[in-house]
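See structure below.
One is the number of the first residue; the rest follow in order along the sequence.
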Amino acid sequence: MTAAASKPKDAIRRRELAAFLRSRRERITPEQVGLPSGGRRRTPGLRREEVAQLAGVGVTWYTWLEQGRDINASAQVLEAVSATLRLDPHERAHLFTLAGVLKPKAEQEGTAVSPGLRSILTKLEPYPAAVHNARTDILAYNRVYDWLFDVSRLPFEERNALLQCFTNPEWQARIQNWTDGVPRSVAQFRASMAEHIGEPSWKSLVKRLRQESPAFEVLWRRHDVQPLNNHTKRFLHPEAGRLCFDYTQLWLGRRSDVRLTTYTPADAETEAKLLARWGRG
């Protein structure tokens, strides 16, 4: 691609970066970052100068970044901005991509999940457990969850539960009564998306699902919504056969979209199979 041909693409990428940063800034309240609310604000979220101050960057530079100007950003500065805006691993990866900066290896591996939370995942074995965000990205998981879904075989950017549920035949084969459960999954996702309308990463996921899955397209057009509830899930595992779990979600804070998802055996047969395969953790 010639330099002239790349200019329109770069301009689009910068506009997407600007919109993404604004959307992330507007969802953070001053109280969340230890700042006084300062009374009534004309716009939601933090002010640009507050983000710049917290991230340790110049106000003018950050303003230009949000305006989509042609400026360069280092990985170190992007890390500071992403930490200030409390981006999850997938949002941080999206930020680096839009900024045209190589993602740090640690981020590519999803190590933004705290060591303490990873320790909890390990201690929950022999039961499957994982950490998800509202967009159903799989941020971290233990060995038994990987055994249940083969997540580690997927590229990092493909580790999204809803995407795999609709586009991966192996996932579909493992989920018993798949056709009965997916309407609930789509309705829950649409309800969650209400708080993220217009965000590029959400819009991109929906666009891809609508293009690649006729089943998703049909369900999406219904506009059904449901809250996220705990329930029972049944699987047909290629090694262990039938498995039945009580599916429980635990949110990691009052305002957090990130949740710990656990699968505890719903019957003695499932419990016995897990213990035979994994012991007692």
Open item on the list: If you compare all heavy atoms of Gly68 against all heavy atoms of Ala18, which two are closest, and at what distance to 0.1 Å?
Closed with: N-CB, 3.7 Å
Open item on the list: To the nearest 0.5 Å, what is the distance between CZ on Arg24 and CG on Leu21?
Closed with: 9.5 Å
TODO: Under the side chain to side chain contact (heavy atoms under 4.5 Å, CB included) rule, what do Leu154 and Asn168 come out as? Steps first, then yes or no, please.
DONE: CA-CA 10 Å; Leu154 302 171; Asn168 187 336; 4.1 Å; yes
- [ ] Give a yes or no on whether the backbone of Val59 and the side-chain of Glu49 come within a donor-acceptor separation of less than 3.5 Å.
- [x] no
Open item on the list: Applying side chain to side chain contact (heavy atoms under 4.5 Å, CB included) to Val186 and Leu209, what does each step give before you reach the verdict?
Closed with: CA-CA 11 Å; Val186 175; Leu209 282 164; over 6 Å; no
TODO: Using a 4.5 Å cut-off on heavy atoms from C-beta on, say whether the side chain of Asn160 contacts that of Ile138.
DONE: no
Open item on the list: Treating Arg118 as the side-chain partner and Ala140 as the backbone partner, does any N or O pair qualify as donor plus acceptor under 3.5 Å?
Closed with: no
Task: Nearest-0.5 Å distance, OG1 of residue Thr270 to CZ of residue Arg234 - done: 9.5 Å
Open item on the list: Testing the 3.5 Å rule here: is there a donor-acceptor pair between the side chains of Asn230 and Thr248?
Closed with: no
Task: Hydrophobic cluster membership, Tyr62 vs Trp64, 4.5 Å side-chain cutoff - done: yes
Task: Heavy-atom closest pair, residues Cys244 and Asp267 - done: CB-OD2, 3.3 Å
Task: Spacing of His94 atom NE2 and Glu16 atom CD [to the nearest 0.5 Å] - done: 6.5 Å
Open item on the list: Is there a path of hydrophobic side-chain contacts, each under 4.5 Å between heavy atoms, that joins Val225 and Val182?
Closed with: no
Open item on the list: Given 3.5 Å as the limit, does a donor-acceptor pair link the side chain of Arg22 with the main chain of Glu66, or not?
Closed with: yes
- [ ] Supply the atom-to-atom distance Glu125 CD to Lys123 NZ, rounded to the nearest 0.5 angstrom.
- [x] 10.5 Å
Task: Parallel, tilted or perpendicular, as decided by the 30° and 60° cut-offs, for the rings of Phe216 and Trp220 - done: parallel
TODO: Mark yes or no for whether Ser213, through its side chain, and Thr167, through its backbone, hold a donor-acceptor pair below 3.5 Å.
DONE: no
Open item on the list: Parallel, tilted or perpendicular, judged at 30° and 60°: which one describes the rings of Tyr145 and Tyr263?
Closed with: tilted
Task: Whether over 12 other heavy atoms sit under 6.0 Å from Gln249 CD - done: yes
TODO: Could you tell me whether Lys233 sits above the aromatic face of Phe245, with NZ or CZ closer than 6.0 angstrom to the six-membered ring centre and within 45 degrees of the axis?
DONE: no
- [ ] For the residue pair Asn133 and Asp257, confirm or rule out a side-chain donor-acceptor distance under 3.5 Å.
- [x] no
Open item on the list: Checking the side chain of Asp146 only, and the main-chain atoms of Ser152 only, is there a donor and an acceptor separated by less than 3.5 Å?
Closed with: yes
Open item on the list: Counting only heavy atoms not in Asp180 (residues, nucleotides, ligands), do more than 12 fall under 6.0 Å from its CG?
Closed with: yes
Task: Donor + acceptor pair across side chains of Arg48, Thr63 (<3.5 Å) - done: no
TODO: Answer yes when Glu217 and Arg221 have at least one side-chain N-carboxylate O distance shorter than 4.0 Å, and no when they do not.
DONE: yes
Task: Minimal non-hydrogen separation, Arg47 against Glu50, with atom names - done: N-OE1, 2.8 Å
Open item on the list: Does Arg277 have more than 12 heavy atoms from other residues, nucleotides or ligands lying within 6.0 Å of its CZ?
Closed with: yes
- [ ] First locate atom CD of Glu79, then atom CD of Gln76, and finally report the distance between them rounded to the nearest 0.5 Å.
- [x] 9.0 Å
Open item on the list: Quick check: closest heavy atoms across Arg222 and Pro183, and the distance to 0.1 Å?
Closed with: NH1-CB, 4.4 Å
TODO: Please report the C-alpha distance between Trp171 and Phe235 in whole Å, then the side-chain angles of each, then the deciding distance to 0.1 Å, and finally whether the ring pair (Phe, Tyr, Trp, His ring centres under 6.0 Å) criterion is met.
DONE: CA-CA 10 Å; Trp171 273 53; Phe235 299 91; 8.9 Å; no
Task: Expected output: side-chain Arg13 to main-chain Leu98 donor-acceptor under 3.5 Å - done: yes
Task: Minimum heavy-atom distance between Pro126 and Leu274, given as atom pair plus value - done: O-CD1, 3.5 Å
Task: Asp224/Arg184 salt bridge by N-O under 4.0 Å criterion - done: no
- [ ] Given side chain to side chain contact (heavy atoms under 4.5 Å, CB included), test Thr264 with Tyr247 step by step and report yes or no.
- [x] CA-CA 7 Å; Thr264 52; Tyr247 173 86; over 6 Å; no
- [ ] Check whether Ile120 and Leu252 end up in the same hydrophobic cluster, where Ile, Leu, Val, Met, Phe, Trp and Tyr are linked by side-chain heavy atoms less than 4.5 Å apart.
- [x] yes
Open item on the list: For a 4.5 angstrom cut-off between non-hydrogen side-chain atoms, does Asp137 reach His132?
Closed with: no
Open item on the list: Between Leu228 and Leu219, is there shared hydrophobic-cluster membership here, with clusters defined by ILVMFWY side-chain heavy atoms closer than 4.5 Å?
Closed with: no
Task: Heavy-atom check, side chain of Leu250 versus side chain of Thr261, under 4.5 Å - done: no
Open item on the list: I'd like to know if the side chain of Trp278 and the backbone of Tyr127 have a donor-acceptor N/O pair within less than 3.5 Å.
Closed with: no
- [ ] Could you tell me the separation between the CZ atom of Arg210 and the CG atom of Leu205, rounded to the nearest 0.5 Å?
- [x] 12.0 Å
TODO: State, to 0.1 Å, how close Trp61 and Ala73 come at their nearest heavy-atom pair, and which atoms those are.
DONE: CZ2-CB, 3.6 Å
TODO: Flag the pair Ser185 / Leu162 as yes when at least one side-chain heavy-atom distance between them is below 4.5 Å, and no otherwise.
DONE: yes
TODO: Using atom types as modelled and distance alone, determine if a side-chain donor or acceptor of Arg25 lies under 3.5 Å from a backbone N or O of Leu46.
DONE: yes
Open item on the list: So Glu91 and Phe20, do their side chains get closer than 4.5 Å, heavy atoms only?
Closed with: yes
- [ ] In sequence, state the C-alpha distance, the side-chain angles, and the governing distance for Val51 and Ile28, and then conclude on side chain to side chain contact (heavy atoms under 4.5 Å, CB included).
- [x] CA-CA 10 Å; Val51 174; Ile28 303 293; over 6 Å; no
TODO: Look only at the side chain of Asn142 and the backbone of Pro128, and say whether a donor-acceptor pair between them is shorter than 3.5 Å.
DONE: no
- [ ] Verify the distance criterion only: is there a donor paired with an acceptor across the side chains of Thr232 and Asp246 at less than 3.5 Å?
- [x] yes
- [ ] Report yes or no: does Ser192 contribute a side-chain atom to a donor-acceptor pair with the main-chain N or O of Gln188 at less than 3.5 Å?
- [x] yes
Open item on the list: Quick check on the 6.0 Å ring-centre criterion: do Phe166 and Trp178 meet it?
Closed with: yes
Task: Trp251 atom CH2: more than 12 heavy-atom contacts under 6.0 Å - done: yes
Task: Heavy-atom check, side chain of Leu163 versus side chain of Arg208, under 4.5 Å - done: yes
- [ ] Check the hydrophobic clustering (I, L, V, M, F, W, Y; side-chain heavy atoms under 4.5 Å; chains of links allowed) and say if Leu85 and Ile71 are grouped together.
- [x] yes
Open item on the list: Could you tell me if the side chain of Phe149 sits less than 4.5 Å from the side chain of Gln164, heavy atoms only?
Closed with: no
- [ ] For residues Arg190 and Met193, determine if any side-chain heavy atom of one lies less than 4.5 Å from a side-chain heavy atom of the other.
- [x] no
